[in-house]
K.L.:
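Let me give you the structure first, and then I'll get to my questions.
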Amino acid sequence: MNMLIRFFIMTSLLRQQLKQQPASQTLSEETIMTPTVRQYRVLPHDMGFRDHLPNYRYLSFIELNITKWVATSCYHKGIKPLKWVLAMQEMIYLKPIKFLHKITLSSVVAGWDHKYVYFEHRFFVKNQLMGVGMTKFVLEGKKGKRYTPEILDMYGEHLTNSITSWNEHQVAVKSTPERH
């Protein structure tokens, strides 16, 4: 419930902010690569039974940041908001995040190819890096129509070594025979 409330607050504030800015019809690489930075407070309903932020909550905070980025990008392009559909996600947990900690989550486009957009996420508490995540997703419109990243002015491929090795790992995992 908490994430749903955060989602509605974020989207209503975002709509108000975007109404004050004109749509530009094109996105520069600088605009595309500008980090989405938001702060969150760890509240009682965010907590797991082990007295720290559970794995699934990290992913929920990531969803809020990506949703904000997609909505903002669509607005600047002057197109109807697109949905994004998760294809792969990975987290590296460095330190536990505790009750009432104030999290700063910085999410930035790490790259794209002809099908996917890739994001890198960094979780901080008081400037201390607590976790790093990667997300890979596709863009989708109404009735499930898929769009390439080109709809948001992301042309060609813009891949880093981290993205390439991450994709290679995914292929290796999928091709490993079951051992049951």
Side-chain angles (χ1 to χ4, degrees), residues 1-18 20-21 27 29-76 81-112 116-139 152 154 158-167 169-170 173:
M1 184 65 150
N2 170 33
M3 284 296 159
L4 193 56
I5 292 168
R6 286 178 172 154
F7 174 80
F8 286 120
I9 291 170
M10 179 197 73
T11 54
S12 66
L13 290 173
L14 183 59
R15 278 191 209 114
Q16 290 174 0
Q17 290 172 352
L18 292 176
Q20 298 169 0
Q21 301 173 1
L27 295 174
E29 189 166 327
E30 180 182 345
T31 301
I32 292 168
M33 305 293 270
T34 298
T36 298
V37 180
R38 293 191 44 87
Q39 293 185 330
Y40 305 97
R41 177 76 65 186
V42 178
L43 301 173
H45 39 280
D46 293 320
M47 298 300 293
F49 64 90
R50 290 192 245 166
D51 196 32
H52 62 81
L53 193 67
N55 302 352
Y56 67 90
R57 275 304 202 214
Y58 284 84
L59 305 178
S60 297
F61 289 125
I62 286 171
E63 285 188 33
L64 291 172
N65 272 25
I66 291 175
T67 300
K68 180 181 180 187
W69 180 87
V70 170
T72 302
S73 297
C74 289
Y75 175 81
H76 285 300
L82 298 171
K83 292 186 262 178
W84 59 278
V85 179
L86 188 65
M88 185 166 61
Q89 197 160 33
E90 184 176 348
M91 276 297 303
I92 300 168
Y93 305 100
L94 302 171
K95 295 183 179 206
I97 296 177
K98 302 285 188 176
F99 178 58
L100 292 180
H101 274 173
K102 187 176 187 177
I103 303 167
T104 300
L105 172 56
S106 177
S107 300
V108 66
V109 172
W112 58 85
Y116 299 104
V117 177
Y118 300 85
F119 261 81
E120 181 182 300
H121 314 278
R122 294 188 176 269
F123 289 82
F124 295 92
V125 172
K126 296 181 183 176
N127 295 319
Q128 174 74 45
L129 184 62
M130 307 300 272
V132 179
M134 290 288 293
T135 304
K136 171 182 175 179
F137 62 88
V138 294
L139 296 165
L152 297 178
M154 302 165 121
H158 188 277
L159 301 175
T160 63
N161 289 337
S162 296
I163 294 170
T164 302
S165 64
W166 192 44
N167 282 330
H169 179 256
Q170 178 189 19
V173 169

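Keep in mind that what you see is a predicted model, and the values were worked out from it rather than measured. As a basis for the values below, the full set of heavy atoms in this structure was taken, side chains included, without hydrogen atoms, waters or symmetry mates.
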K.L.:
Can you check whether Glu63's main-chain N or O pairs, donor with acceptor, with Thr67's side chain at less than 3.5 Å?
P.N.:
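A pair under 3.5 Å: yes.
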K.L.:
Ile62 versus Met91: any side-chain heavy-atom pair under 4.5 Å?
P.N.:
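Result yes, sub-4.5 Å side-chain heavy-atom pair found.
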K.L.:
Where is the tightest heavy-atom contact between Val37 and Ser106, given as atom of each residue plus distance?
P.N.:
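For Val37 and Ser106, the tightest heavy-atom pair comes out as CG2-OG, 3.8 Å.
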K.L.:
Quick one: pull up CG in Asn65 and CG in Leu105 and give me the separation to the nearest 0.5 Å.
P.N.:
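These two atoms lie 4.0 Å from each other.
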K.L.:
With the side chain counted from C-beta on, respond yes when Trp166 and Glu90 share a heavy-atom pair under 4.5 Å apart, and no when they do not.
P.N.:
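A side-chain contact under 4.5 Å exists here.
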K.L.:
Should Met154 and Val109 count as side-chain neighbours, where that means a heavy-atom distance under 4.5 Å?
P.N.:
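Heavy-atom side-chain distance check passes, below 4.5 Å.
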K.L.:
Does some side-chain heavy atom of Ile97 sit less than 4.5 Å from a side-chain heavy atom of Val42?
P.N.:
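A side-chain contact under 4.5 Å exists here.
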K.L.:
Determine whether a donor-acceptor pair (N or O, by modelled atom type, separation under 3.5 Å) exists between the side chain of Arg122 and the backbone of Val132.
P.N.:
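Not confirmed, Arg122 side chain does not pair with Val132 backbone.
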K.L.:
Scan Lys126, Arg38, Gln39 and name whichever one has a side chain to side chain donor-acceptor pair (under 3.5 Å) with Thr104.
P.N.:
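Of all the options given, the one that passes is Gln39.
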K.L.:
Can you check side chain to side chain contact (heavy atoms under 4.5 Å, CB included) on Phe99 and Leu53, steps first, answer last?
P.N.:
CA-CA 7 Å; Phe99 178 58; Leu53 193 67; over 6 Å; no
K.L.:
Anything under 30° is parallel, anything over 60° is perpendicular, the rest tilted; go ahead and classify Tyr40 against Phe61.
P.N.:
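The arrangement is tilted - the two ring planes meet at 30° to 60°.
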K.L.:
Given side chains that start at C-beta, do those of Ser73 and Leu27 come closer than 4.5 Å, heavy atoms only?
P.N.:
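In contact.
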K.L.:
Roughly how far, to the nearest 0.5 Å, is the CZ atom of Arg57 from the CG atom of Leu43?
P.N.:
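Spacing of CG (Leu43) from CZ (Arg57) equals 9.0 Å.
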K.L.:
Mind checking whether Tyr93 and Phe123 have ring centres under 6.0 Å apart?
P.N.:
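No: the rings miss the under 6.0 Å criterion.
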K.L.:
Mind listing the closest non-hydrogen atom pair of Met88 and Asn167 along with its distance?
P.N.:
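Residues Met88 and Asn167, closest heavy atoms: CE-OD1, 3.9 Å.
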K.L.:
Begin with the C-alpha distance, continue with both residues' side-chain angles, and end with the deciding distance and a verdict on side chain to side chain contact (heavy atoms under 4.5 Å, CB included) for Met134 and Ile163.
P.N.:
CA-CA 9 Å; Met134 290 288 293; Ile163 294 170; 4.0 Å; yes
K.L.:
For His121 and Thr135, test the side chains for any donor-to-acceptor distance below 3.5 angstrom and give the result as yes or no.
P.N.:
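Yes, Thr135 and His121 have a side-chain donor paired with an acceptor closer than 3.5 Å.
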K.L.:
With respect to Trp84, which candidate in Phe137, Tyr116, Trp69, Phe119 satisfies the ring pair (Phe, Tyr, Trp, His ring centres under 6.0 Å) definition?
P.N.:
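It is Phe137, the one option of Phe137, Tyr116, Trp69, Phe119 that forms the ring pair (Phe, Tyr, Trp, His ring centres under 6.0 Å) with Trp84.
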K.L.:
Checking Lys136 against Tyr118: charged group under 6.0 Å from the ring centre and within 45 degrees of the axis?
P.N.:
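Ring-cation test returns no.
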K.L.:
With rounding to the nearest 0.5 Å, note down the distance linking CG in Leu139 to CG in Leu82.
P.N.:
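Output value for this atom pair is 5.5 Å.
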K.L.:
Evaluate side chain to side chain contact (heavy atoms under 4.5 Å, CB included) for Thr160 paired with Glu120, printing each intermediate quantity in order.
P.N.:
CA-CA 11 Å; Thr160 63; Glu120 181 182 300; over 6 Å; no
K.L.:
What I'd like to find out is whether the side chain of Met130 reaches to under 4.5 Å of the side chain of Lys98, using heavy atoms alone.
P.N.:
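Not in contact.
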K.L.:
Would you check if Gln89 and Leu59 make a side-chain contact, meaning some heavy-atom pair closer than 4.5 Å?
P.N.:
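The answer is yes, as the side chains (C-beta and beyond) meet within the 4.5 Å cut-off.
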